[in-house]
2 protein chains.
Amino acid sequence: MKRDLPSLALYAQVKEHISRKIQDGTWPAGHRLPSEHELVAQFGISRMTVNRALRELVDQGRITRVAGVGSFVAEDKPQSTLLQIANIASEIRHRGHDYRCQMLAVERVAASPDVAAWLDLRAGESVFHSLCLHRENETPVQLEERYVNPLVVPDYLAQDFTAMPPSEYLVRNVPFDQIEHLVDAVLPTAEQAEHLAMSMADPCLLLTRRTWTRTTPVTWVRCLHPASRYRLGSRFRANGNPSSG
Amino acid sequence: MKRDLPSLALYAQVKEHISRKIQDGTWPAGHRLPSEHELVAQFGISRMTVNRALRELVDQGRITRVAGVGSFVAEDKPQSTLLQIANIASEIRHRGHDYRCQMLAVERVAASPDVAAWLDLRAGESVFHSLCLHRENETPVQLEERYVNPLVVPDYLAQDFTAMPPSEYLVRNVPFDQIEHLVDAVLPTAEQAEHLAMSMADPCLLLTRRTWTRTTPVTWVRCLHPASRYRLGSRFRANGNPSSG
DNA sequence: CAGTGGTCTAGACCACTCC
DNA sequence: GAGTGGTCTAGACCACTGT
C-alpha cells in the first residue's frame with residue numbers, strides 16, 4: 001500500500017483516513033464505521049494499532065463506540081467551548097428553525113494595514129472579503145465579516161455561500177492547526193444595527209476568530225450578535241480530575 | 001497488591017496511582033516518574049498497558065514525556081479556554097499588576113426560586129451568597145456574585161476571601177465533574193455601574209458559570225466585566241485534525 | 001450464536017539521549 | 001553503550017449486543 005507521508009505512524013494513518021471520510025461528508029453523522037476486524041484486513045495491520053486509532057478518535061469526539069454493536073460517526077461536534085459558534089447554521093436547524101444566509105458582499109479587496117497584519121500579509125495585497133447576515137426564522141442573529149487569505153483558499157470567491165455558508169465551506173476544505181477566539185461586548189455601529197434590525201443602544205457579543213494552518217493565517221472573522229438573541233455557551237465534562245471555581 | 005476497586009482496568013489503576021502521587025504532592029512538578037520498565041516490574045503487567053496509562057496522562061496534561069530521557073510531572077495546568085477566567089487573580093498578577101479582592105457581602109440567605117432552581121434546592125432553603133469586586137491596580141474589572149450550595153461547601157462563610165478569593169478557595173477544595181459557561185453582553189444596572197465605576201451606557205461581558213460534583217450543583221456565579229477593561233479569549237492548538245471556519 | 005469492542009500479554013524493532 | 005520512550009505484532013480472554 002502507498003504511504004501518504006514518509007513514516008507517519010500507522011495508527012495516525014488510520015486516524016487520518018477516517019477523519020477525512022468524516023470531514024468530506026463521505027461518512028455522515030451516525031454512519032457506521034468498518035469494524036476493527038475489517039480495518040485490520042483493509043490496512044494489513046494489527047488490531048491493537050487499529051484499536052489505538054479508534055480510541056483516540058473517541059477522545060477527540062469524532063466517533064462513538066458501543067461494545068457489542070459497533071463504531072459510529074459522532075452526532076454533534078460539541079467541540080470544545082467557543083467552537084460551537086462556528087456552525088451557526090446547523091445549530092439553528094438543530095432547534096428546528098429556518099436558517100438563511102444572506103450575502104451582503106463577496107469581493108476581492110486590497111488589504112488594509114490592520115487586515116494585512118492580522119493575516120500576515122503586506123498592506124495593499126489582495127485579500128478576499130465577505131459580509132453576510134445569518135438569519136434564524138428570518139430574524140438576523142449574526143453579522144459575519146470575514147477576511148480570507150487567498151494563498152490558502154484561492155477558490156473562495158467562486159463559492160455559492162447561500163447553499164453553504166463561508167464557515168462551513170472553510171470547515172470542509174481547510175485543515176487547521178490553531179484557532180484563537182476573542183469575545184467582546186460592544187455597541188453596534190449605525191450600519192451594523194440596521195443590518196441586524198436592532199437598536200444602537202442594545203449590546204452585542206462580538207466574537208473574533210483567527211485560524212491558522214501550520215503557521216499560515218487562513219481567515220480572520222468577526223461575528224456580531226445582538227445579545228438579546230444570542231448567547232455563547234459551553235458545557236464541559238471532566239476527563240481527568242480538575243477542580244471547580 | 002491490593003485492588004482499589006473491583007476490576008478496574010489495569011491501565012486505569014496505573015493512572016490513578018500516578019495521579020494520586022501528583023495530586024497529594026508526593027511527586028511535585030518536574031519530578032521524574034519511574035520508567036515504563038520500572039512500572040512494568042512494579043505492577044507486574046505488560047509494557048503496552050503501562051504505556052497506555054502514560055499516554056493518556058500526557059493527553060490529560062498531567063505529565064510530559066521525552067523519548068530517550070524520561071517522563072516528568074507536568075509544570076502547570078493552563079486549563080482550557082474559558083476556565084482561564086476562573087483565576088482572575090493570578091491572571092492579573094501574571095501581568096505584573098496589583099490584585100485586590102474587596103468583599104461586599106458574605107452571608108447566608110434564603111434561596112429565591114431562581115437560585116433554588118439553579119442549585120437544585122427548594123425555594124427558601126438556606127444558601128451561601130457572596131458579592132465581591134476584583135480590582136486590577138485599584139480599577140474594578142470584575143463584579144462577582146456567587147451562590148454556593150451549603151451541603152457541598154459547609155465552611156464557605158468562614159473563609160477569609162481577601163486572602164484567597166472565592167473562586168480559588170473552591171478550586172482548591174471541591175473536585176468537580178461538570179462545568180457550564182454562558183456568555184452574554186449586557187448593560188449594567190445602576191448599582192452594578194456604581195460598583196464598577198463605569199457608565200450605564202457601556203456594555204459589559206457577563207459570564208455565568210455553574211459547576212457540579214457528580215450530579216450535585218456546587219456553585220452558581222455571575223461575573224460582570226466592563227467590556228472596555230476586559231475581554232475573554234482562548235487560544236487552541238489542535239491535537240487531531242479538526243477544521244477551520 | 002457470531003460479531004463487536006475492551007482489555008491484556010510478551011515479545012519486538014527503532015530513534016533518540018546521555019555518558 | 002545502556003536506558004528511554006514510540007511504535008507495532010499476533011495472538012488471547014472477556015462482556016456485551018444482536019438475532
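All chains are named by letter (A, B, ...) in the order of the sequence lines, taking the proteins before the strands, and each is independently numbered beginning at 1. From a predicted model like this one, the values you see are computed outputs, not experimental measurements.
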Just jot down the ring pair (Phe, Tyr, Trp, His ring centres under 6.0 Å) partners of [X], sequence neighbours excluded, or say none.
X         : answer
His97(A)  : none
His17(B)  : Phe43(B)
Tyr156(A) : Phe161(A)
Phe128(B) : none

Protein-to-nucleotide contact annotation, 5' to 3' order, nucleotides 7-13 of chain C [B base; S sugar-phosphate only; - none; under 4.0 Å, heavy atom]: BBBB-B-

What's the [atom1]-[atom2] distance between [X] and [N], to the nearest Å?
X        : N      : atom1 : atom2 : result
Gln13(B) : dG6(C) : CD    : P     : 18 Å
Glu38(A) : dG3(C) : CD    : P     : 11 Å
Leu39(A) : dT4(C) : CG    : P     : 11 Å
His37(A) : dG6(C) : NE2   : C1'   : 17 Å
Arg65(A) : dT4(C) : CZ    : P     : 11 Å
Leu57(B) : dG5(D) : CG    : P     : 13 Å

Arg95(A)/Glu136(A) ion pair, N-O < 4.0 Å: yes

Excluding sequence neighbours, so at least two apart, what forms salt bridge (Lys or Arg N to Asp or Glu O under 4.0 Å) with [X]?
X         : result
Arg222(B) : Glu145(B)
Arg47(A)  : Glu36(A)
Arg32(A)  : none
Arg122(B) : none

With sequence neighbours excluded, residues passing side chain to side chain donor-acceptor pair (under 3.5 Å) with Thr162(A): Asp160(A)

Watson-Crick or G-U stems involving DNA chain D, each at least 3 pairs long, distances under 3.5 Å, ordered by first number: C:3-18 with D:1-16

Distances under 3.5 Å between nitrogen or oxygen atoms of protein and nucleotides 14-19 of chain C:
none

Backbone of Pro217(B) reached by a side-chain donor or acceptor of Asp120(B) within 3.5 Å: no

